[in-house]
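What follows is one structure encoded as structure tokens, with my remarks underneath.
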Amino acid sequence: MADSQSKLHVYNTLSRKKELFEPLNPPFVGMYVCGPTVYGDAHLGHAKSYVAFDVILRYLRYLDYKVRYVQNITDVGHLVGNGDDGEDKLAKKARLEQSDPMEIAEKYTYTYFRDMDALNVLRPDISPRATGHIPEQIEMIETLIEKGHAYEVNGNVYFEVSSDPDYGKLSGRKLEEAESGTRVETASDKKAPEDFALWKKADDGHLMKWHSPWSEGYPGWHVECSAMSNKYLGESFDIHGGGLENQFPHHECEIAQSECAHGKEFVKYWLHNNMVTLEGQKMGKSLGNAISLEQFFTGDHRLLTRSWAPEVIRFFLLQSHYRSTTDFSEDALEAAETGLKNLHSMVNTIEKAENGPGDAYDVESFRSAFDTAMNDDFNSAQGIAVLFEHLKELRKRITNGSSPSNLDEVKAYIRKVVDGVMGIWPSGSGDGKADVTEGLVQLLIEIRKEARANKDFALSDKIRDDLKELGVQLMDGKDGTTFEID
RNA sequence: GGCGACAUGGCCGAGUGGCUAGGCAGAGGUCUGCAAAACCUCGUACGGCGGUUCGAAUCCGCCUGUCGCCUCCA
């Protein structure tokens with residue numbers, strides 16, 4: 001059943017090609033995605049990345065893979081500004097907010113999950129914190145020193161890039177090029193400018209520091225992902241994801257550390273999502289043009305004229321491919337909102353209908369079209385187009401009185417893809433109050449029916465208009481009046 | 001400077017060497033007390049210039065434009 005005609009192919013940054021997806025140990029799949037550095041509110045760019053990988057996760061599970069999804073929380077500050085002289089991000093934020101770095105990390109970890117929950121992003125199976133894995137990181141650094149891939153100077157430990165012949169295989173960057181870059185700080189104790197820190201000795205006043213064989217200090221940024229992915233997914237695993245901008249240096253360094261430490265291939269498939277742009281510019285924290293998710297949800301931002309529901313944001317993002325840039329505009333959001341509303345309306349109509357006298361619906365062709373779209377490197381935009389086509393056709397049949405004889409089966413599949421894979425099921429129907437609301441609206445419909453029978457159109461229009469104000473849309477059809485709640 | 005992407009109809013946005021993407025907006029029609037919804041119908045787009053080909057928006061080259069990475073960043 002899982003193999004209609006096509007099989008899942010994913011674009012692997014390592015080969016720069018689409019490759020047939022074949023897990024190392026089927027049906028198990030290990031997936032690691034770089035999580036946020038928790039020193040600020042999550043913005044639309046985070047949403048694109050994590051919604052994309054959420055659908056990737058959901059689709060893999062739809063294909064019956066047993067996925068373990070690990071996403072780190074970076075709660076150790078990393079350096080700000082140029083070279084190694086900058087200030088720790090979390091420490092800086094802590095100073096600005098007059099609190100402790102761990103308090104900052106806790107606060108933004110909370111808001112991160114809050115916002116992701118709102119976007120209907122499934123929680124990772126494991127969300128390891130960098131600060132909770134200092135011993136693992138130290139152990140990895142020790143291994144690298146033993147194997148001659150790292151060296152210690154003045155309490156600092158650096159990875160020696162020239163000791164790794166494969167360095168650059170992900171980003172296509174060569175050593176000579178890195179060295180020629182004039183913007184690389186050379187005034188440090190590193191042997192070579194491209195060497196990167198595994199452990200840094202803490203300055204006086206540095207707030208986050210730990211004991212290590214080399215100094216009181218803190219780990220380099222890249223080593224946390226290597227150590228934690230190794231701990232929870234093993235020395236080799238299937239998928240590593242993250243934002244395009246992490247390709248270099250972060251992911252390149254992860255590969256170097258992990259492969260030099262373990263002597264085997266680190267990750268089989270590297271997946272990178274593209275950026276969200278705003279007026280053609282990358283949206284980013286450091287660029288100061290980021291609109292946070294909370295601001296979208298409340299509408300409280302100078303570039304927003306109103307608030308936008310989380311499901312609209314999710315749907316909007318899924319309408320473009322994860323490897324394409326997504327250019328944000330309120331016009332585009334509005335189009336997405338209307339489109340989603342129509343999709344929900346179709347789903348609701350189908351959900352309310354029952355098996356009818358019509359021909360059986362070809363669920364297999366539905367499934368095949370959807371799988372073909374998603375098998376092509378998780379083409380969610382195409383997948384949504386397939387949903388529209390089939391939902392439209394189904395609604396047409398139902399409206400024409402020829403509801404398919406196997407509608408139950410169709411509904412089950414719709415639930416699987418719309419809810420299970422895309423995560424865009426209509427919300428707000430199902431809680432206890434819904435029944436009361438339905439009853440009340442039904443009552444008003446009855447009253448209005450009498451008014452219409454008496455040609456009291458003033459009253460019937462008032463009922464309809466006032467209900468619309470409340471977000472309830474009445475629709476008069478041949479077989480009576482139906483309604484939709486916003 | 002080095003490396004790498006992208007340029008599709010009013011807007012958003014998929015895509016394959018030859019066949020309707022899809023969504024939003026718009027036009028006409030059916031239905032209706034009126035409306036809404038639904039249903040039916042409608043747009044023939046692919047940055048520029050060359051080349052390959054029977055045929056290219058889809059392959060190659062050049063040009064123009066936009067963007068990303070090379071520094072923390074989803």
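Here the structure is a predicted model, which is why all the values come from computation and not from measurement. Naming convention: chains lettered A, B, ... in sequence-line order (proteins, then strands); numbering from 1 in each chain.
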Upstream residue (5' side of RNA chain B) when L340(A) and R395(A) are each assigned their closest nucleotide:
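Looking at RNA chain B, the more 5' nearest nucleotide goes with L340(A).
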Under-4.0 Å side-chain N/O to phosphate OP1/OP2 contact, K396(A) with rA38(B)
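The answer is no; no side-chain N or O of K396(A) sits under 4.0 Å from OP1 or OP2.
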When you measure from the side-chain N and O atoms of T277(A) to the phosphate of rC6(B), is any distance below 4.0 Å, counting only OP1 and OP2?
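So the side chain of T277(A) is outside the cut-off, no N or O lying under 4.0 Å from OP1 or OP2 of rC6(B).
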Using both distances under 3.5 Å as the test, list the Watson-Crick or G-U wobble partner of [N], or none.
| N | result |
| --- | --- |
| rU52(B) | none |
| rG43(B) | none |
| rC31(B) | none |

Taking C-beta and beyond as the side chain, do R448(A) and L467(A) meet within less than 4.5 Å on heavy atoms?
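No, their side chains stay 4.5 Å or more apart.
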Ignoring hydrogens and angles, are the base of [N] and the side chain of [X] linked by a donor-acceptor pair under 3.5 Å?
| X | N | answer |
| --- | --- | --- |
| N342(A) | rG22(B) | no |
| K282(A) | rC67(B) | no |
| D476(A) | rA35(B) | yes |

Smallest separation among heavy atoms of M283(A) and L44(A), with atom names
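Taking M283(A) first and L44(A) second, the nearest heavy atoms are SD-CB, 3.6 Å.
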Classify E389(A) by what it touches in the nucleic acid, base, sugar-phosphate, or nothing, heavy-atom distance under 4.0 Å.
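Sugar-phosphate: the residue E389(A), judged by heavy atoms under 4.0 Å, touches backbone atoms but no base.
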For F53(A), report the nucleic acid contact type (base, sugar-phosphate, nothing); a contact means any heavy atom under 4.0 Å.
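Here F53(A) touches no strand at all.
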Using 30° and 60° as the class boundaries, would you call the ring planes of H222(A) and F196(A) parallel, tilted or perpendicular?
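The arrangement is perpendicular - the two ring planes meet at more than 60°.
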Which pairs, protein N/O on one side and nucleotides 9-16 of chain B N/O on the other, fall under 3.5 Å?
from: rG13(B); atom 1: O2'; to: Q319(A); atom 2: O; distance (Å): 3.4
from: rA14(B); atom 1: OP1; to: H321(A); atom 2: N; distance (Å): 2.7
from: rA14(B); atom 1: OP1; to: S324(A); atom 2: OG; distance (Å): 3.1
from: rA14(B); atom 1: O3'; to: N379(A); atom 2: ND2; distance (Å): 3.0
from: rA14(B); atom 1: O2'; to: N379(A); atom 2: ND2; distance (Å): 3.3
from: rA14(B); atom 1: O2'; to: Q382(A); atom 2: OE1; distance (Å): 2.8
from: rG15(B); atom 1: OP1; to: N379(A); atom 2: ND2; distance (Å): 3.3

For Y413(A), give me all partners under ring-ring contact (aromatic ring centres under 6.0 Å, His included), at least two apart in sequence or on another chain.
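Expected list: F366(A).
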What pairs with F237(A) under ring-ring contact (aromatic ring centres under 6.0 Å, His included), at least two apart in sequence or on another chain?
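For F237(A) the ring-ring contact (aromatic ring centres under 6.0 Å, His included) partners, ignoring immediate neighbours, are F266(A).
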Rounded to whole Å, please give me the gap between CZ in R452(A) and P in rA35(B).
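So the CZ-P distance, R452(A) to rA35(B), works out to 13 Å.
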Provide, to the nearest angstrom, the distance between the NE2 atom belonging to H250(A) and the P atom belonging to rC70(B).
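The distance from NE2 of H250(A) to P of rC70(B) comes to 13 Å, rounded to the nearest Å.
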Can you identify which nucleotide, out of rG23(B), rG33(B), rA21(B), has its nearest atom closest to the S460(A) side chain?
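Of all the options, the side chain of S460(A) is nearest to rG33(B).
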